[in-house]
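Data first, discussion second: the structure below is written as structure tokens.
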Amino acid sequence: MRQQLSKSVFFFLLLSTVFYGQMHSYDYKIELKNITDIWHNITLPNTVFYSTLESLSDVRIYGITAKNDTIEAPYLLNYVSPKLKTKTVDYRLLNASTKDGIYYFTLKIPSKNAVNHIKLNFENDNFDWKTVVQASHNQEDWFTIYKDYRILAINNNQTNYSFTDITFPPAEYAYFRIGIKSDVEPILKRAILQYQQAQPKTNTTNRELKSFTLSNDKKTKQTILYVELDKKAPTHEITINVKDKIEYYRPIEIEELVDSIQTEKGFIYNYKTLNFGTLSSLEQNKFTFNNTFSKKLRITISNFDNEPLQVTSITAKGYKYQLTARFTKPATYYLTYGNKKAYAPNYDIANLNLEMPENINQLSLGKQQTIAKKENTIQKPLFENKLWLWSIMGVLMVIIGWFSYKMLSKK
């Protein structure tokens with residue numbers, strides 16, 4: 001009996017899985033066009049994010065064959081994050097000297113490599129210095145690459161902030177010299193010389209804002225920014241644009257709205273922290289964090305005893321999500337999504353170390369279509385006309401009366 005029950009349960013679960021694996025259990029589909037190879041890339045459009053689960057576990061690629069059979073194409077999901085190609089350049093510290101209140105550090109580059117980024121690390125805790133970067137081929141003729149570049153470090157009870165990165169146009173010299181004007185001796189622990197090359201940012205898209213509000217709390221000495229994005233889509237970067245031309249260094253916290261609970265006193269909003277950072281007049285105030293699909297963000301700026309900053313606008317960006325799919329059978333394929341009961345697929349290609357082609361062609365997409373649902377047939381009543389019902393009741397009454405008369409006549 002138990003074996004039969006187990007078989008029945010297994011058959012039911014198998015039937016449910018097959019049912020939810022078909023296209024009619026999803027809400028939307030987009031036709032995939034120009035399939036010519038086994039491997040293709042598919043960039044998910046924003047329309048997908050409006051209707052899919054945040055985990056994207058309900059995304060499928062289904063194909064309809066010439067025999068009207070449904071097949072499924074496996075895929076790998078990833079987001080195309082921007083990559084910064086960084087090459088560290090070796091150097092040797094030749095000497096440290098001082099002249100007219102300026103401390104110089106001379107670095108020798110043994111190979112012919114371009115440099116456009118220098119990160120300095122000092123033993124000093126608190127400083128605010130102006131620097132000059134010079135370069136030379138022979139240590140006699142020095143050319144100024146960057147002048148009056150400010151580096152800063154603040155370490156106290158309110159904040160722990162440092163900005164010691166110097167970025168300049170690529171320069172290829174045998175010697176670099178860093179000059180620091182200071183009343184105290186800078187103690188350089190080390191310097192990191194790099195050549196950084198950013199790839200084109202074609203893998204990110206701008207997120208449109210629906211609203212942006214700001215409030216200053218005098219009791220907590222905080223400025224709170226409420227950002228609401230126009231539509232649900234992945235977001236990984238926020239840029240805060242400040243109008244003030246003064247020097248400022250303010251700790252900030254970026255949060256996403258997780259959920260809300262309605263009580264008698266109103267709504268209680270629950271937020272999750274995405275990133276901590278420092279809002280600084282020295283930097284672009286661009287903050288990155290893990291992708292979030294939340295439409296509502298909260299940014300808290302700690303002002304301490306300073307006047308609140310004039311934040312003029314917020315810009316947001318998000319990575320483009322991409323599927324790398326494998327097509328092995330001829331069919332008309334569709335990208336399908338919109339199923340709250342779907343589980344994340346488990347494909348072999350996700351567990352194998354497959355060799356992908358170097359150049360994978362991008363598929364073009366058709367328009368979003370709504371998938372027609374199978375209508376549930378409503379069972380009509382046996383007798384829609386009440387006259388039929390009354391006629392049958394009358395016949396039954398006659399039959400019962402006749403049987404009653406026969407029984408009484410026998411007695």
Side-chain angles (χ1 to χ4, degrees), residues 23 25-33 41-61 75 77-82 201-215 224-241 252-262 267 269-275 285-300 311-323 334-342 344 362-371 373:
M23 283 181 63
S25 61
Y26 292 79
D27 294 332
Y28 303 100
K29 65 179 180 180
I30 298 176
E31 185 177 355
L32 304 177
K33 299 181 178 181
N41 288 331
I42 305 162
T43 300
L44 297 182
N46 287 341
T47 51
V48 171
F49 303 120
Y50 307 159
S51 308
T52 189
L53 299 174
E54 290 190 5
S55 61
L56 302 179
S57 60
D58 58 332
V59 174
R60 297 290 188 279
I61 299 175
Y75 66 84
L77 172 66
N78 58 79
Y79 60 80
V80 191
S81 60
K201 295 186 177 180
T202 56
N203 43 18
T204 60
T205 56
N206 294 325
R207 300 289 178 238
E208 294 184 7
L209 268 63
K210 182 179 180 181
S211 64
F212 160 58
T213 58
L214 179 150
S215 65
I224 302 176
L225 312 176
Y226 295 95
V227 180
E228 183 174 359
L229 301 174
D230 182 38
K231 294 175 181 177
K232 173 185 172 184
T235 304
H236 83 283
E237 179 184 289
I238 288 288
T239 301
I240 303 174
N241 301 306
I252 72 164
E253 181 181 9
I254 303 174
E255 302 169 288
E256 63 174 335
L257 180 63
V258 178
D259 56 30
S260 59
I261 302 172
Q262 188 174 10
F267 281 94
Y269 298 98
N270 297 320
Y271 287 89
K272 176 185 175 182
T273 300
L274 294 173
N275 192 12
N285 293 325
K286 185 182 298 181
F287 304 92
T288 59
F289 39 82
N290 292 332
N291 262 338
T292 174
F293 284 84
S294 178
K295 290 175 60 178
K296 295 184 178 181
L297 305 176
R298 182 174 69 180
I299 304 171
T300 304
V311 179
T312 56
S313 62
I314 299 287
T315 58
K317 290 186 177 181
Y319 294 140
K320 291 181 180 179
Y321 272 83
Q322 180 176 276
L323 308 182
Y334 296 91
L335 177 71
T336 63
Y337 51 94
N339 183 351
K340 294 182 179 179
K341 297 181 180 180
Q362 190 85 16
L363 287 184
S364 56
L365 306 180
K367 293 183 179 180
Q368 177 179 276
Q369 304 174 48
T370 302
I371 299 176
K373 304 296 181 183

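- One N or O on the side chain of Asn339 and one on the backbone of Ser25 form a donor-acceptor pair closer than 3.5 Å.
- Under the 3.5 Å distance criterion, the side-chain polar atoms of Asn291 are left unmatched by any main-chain donor or acceptor of Gly318.
- Taking all atoms of both residues into account, the shortest heavy-atom contact from Leu225 to Val311 is CD1-CG1, 4.1 Å.
- Between the side chain of Tyr321 and the backbone N or O of Pro234, no donor-acceptor pair lies under 3.5 Å.
- Looking at every heavy atom in both residues, Ser294 comes nearest to Leu229 through O-CD1, 3.9 Å.
- Partners of Phe289 by ring-ring contact (aromatic ring centres under 6.0 Å, His included), not counting sequence neighbours: none found.
- With values rounded to the nearest 0.5 angstrom, Lys295 atom NZ is found 6.0 Å from Glu228 atom CD.
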Does the pair Tyr337 and Ile30 meet the rule for a side-chain contact (heavy atoms from CB on, under 4.5 Å), with working shown?
-> CA-CA 9 Å; Tyr337 51 94; Ile30 298 176; 3.6 Å; yes
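- A donor-acceptor pair is defined here as one N or O able to donate and one able to accept, closer than 3.5 Å; such a pair exists between the side chain of Asp58 and the backbone of Gly338.
- Scanning all heavy atoms of the two residues, the minimum distance from Tyr334 to Lys29 falls at CD2-CD, 3.7 Å.
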Can you check side-chain contact (heavy atoms from CB on, under 4.5 Å) on Lys286 and Glu237, steps first, answer last?
-> CA-CA 7 Å; Lys286 185 182 298 181; Glu237 179 184 289; 3.4 Å; yes
Run the side-chain contact (heavy atoms from CB on, under 4.5 Å) check on His236 and Lys317 step by step: do they pass?
-> CA-CA 6 Å; His236 83 283; Lys317 290 186 177 181; 4.3 Å; yes
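- Summarising the geometry, atom CD1 belonging to Ile314 is positioned 13.5 Å from atom OH belonging to Tyr226; distances are rounded to the nearest 0.5 Å.
- No more than 12 heavy atoms of other residues, nucleotides or ligands shown are found within 6.0 angstrom of NZ on Lys296.
- Here the shortest heavy-atom pairing between Ser57 and Ala342 reads OG-O, 3.8 Å.
- Between Thr205 and Lys320, the closest heavy-atom pair is CG2-CE, 3.2 Å.
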List the atom pairs, with distances to 0.1 Å, where a side-chain N or O of residues 253-262 and a protein N or O form a donor-acceptor pair under 3.5 Å, not counting sequence neighbours.
residue, atom, partner, partner atom, Å
Glu253, OE2, Thr273, OG1, 2.7
Glu255, OE1, Arg298, NE, 2.9
Glu255, OE1, Arg298, NH2, 3.0
Glu255, OE2, Arg298, NH2, 3.4
Glu256, OE1, Thr292, OG1, 2.4
Asp259, OD1, Asn270, ND2, 2.6

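- Taking CG of Asn78 as the reference point, atom OH of Tyr319 lies at 12.5 Å (rounded to 0.5 Å).
- The shortest side-chain heavy-atom distance between Asn206 and Thr315 does not fall under the 4.5 Å cut-off.
- Residue Phe287 holds its CZ atom at 10.5 Å from CD1 of Ile238, rounded to the nearest 0.5 Å.
- Considering Asn290, Leu297, Thr235 as possible partners of Leu274, the one that fulfils the side chain to side chain contact (heavy atoms under 4.5 Å, CB included) test is Leu297.
- Annotation: the span from Ile42 atom CD1 to Leu77 atom CG amounts to 11.0 Å, rounded to 0.5 Å.
- The CD1 atom of Ile240 sits 4.5 Å away from atom CD1 of Ile299, with the distance rounded to the nearest 0.5 Å.
- Looking only at atom types and distance, the side chain of Asn241 has no donor-acceptor partner in the side chain of Thr312 under 3.5 Å away.
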Step by step, work out the side-chain contact (heavy atoms from CB on, under 4.5 Å) result for Thr370 and Tyr28.
-> CA-CA 5 Å; Thr370 302; Tyr28 303 100; 3.8 Å; yes
Considering only distance and modelled atom types, tabulate donor-acceptor pairs under 3.5 Å from the side chains of residues 43-50, sequence neighbours left out.
residue, atom, partner, partner atom, Å
Thr43, OG1, Gln362, NE2, 2.4

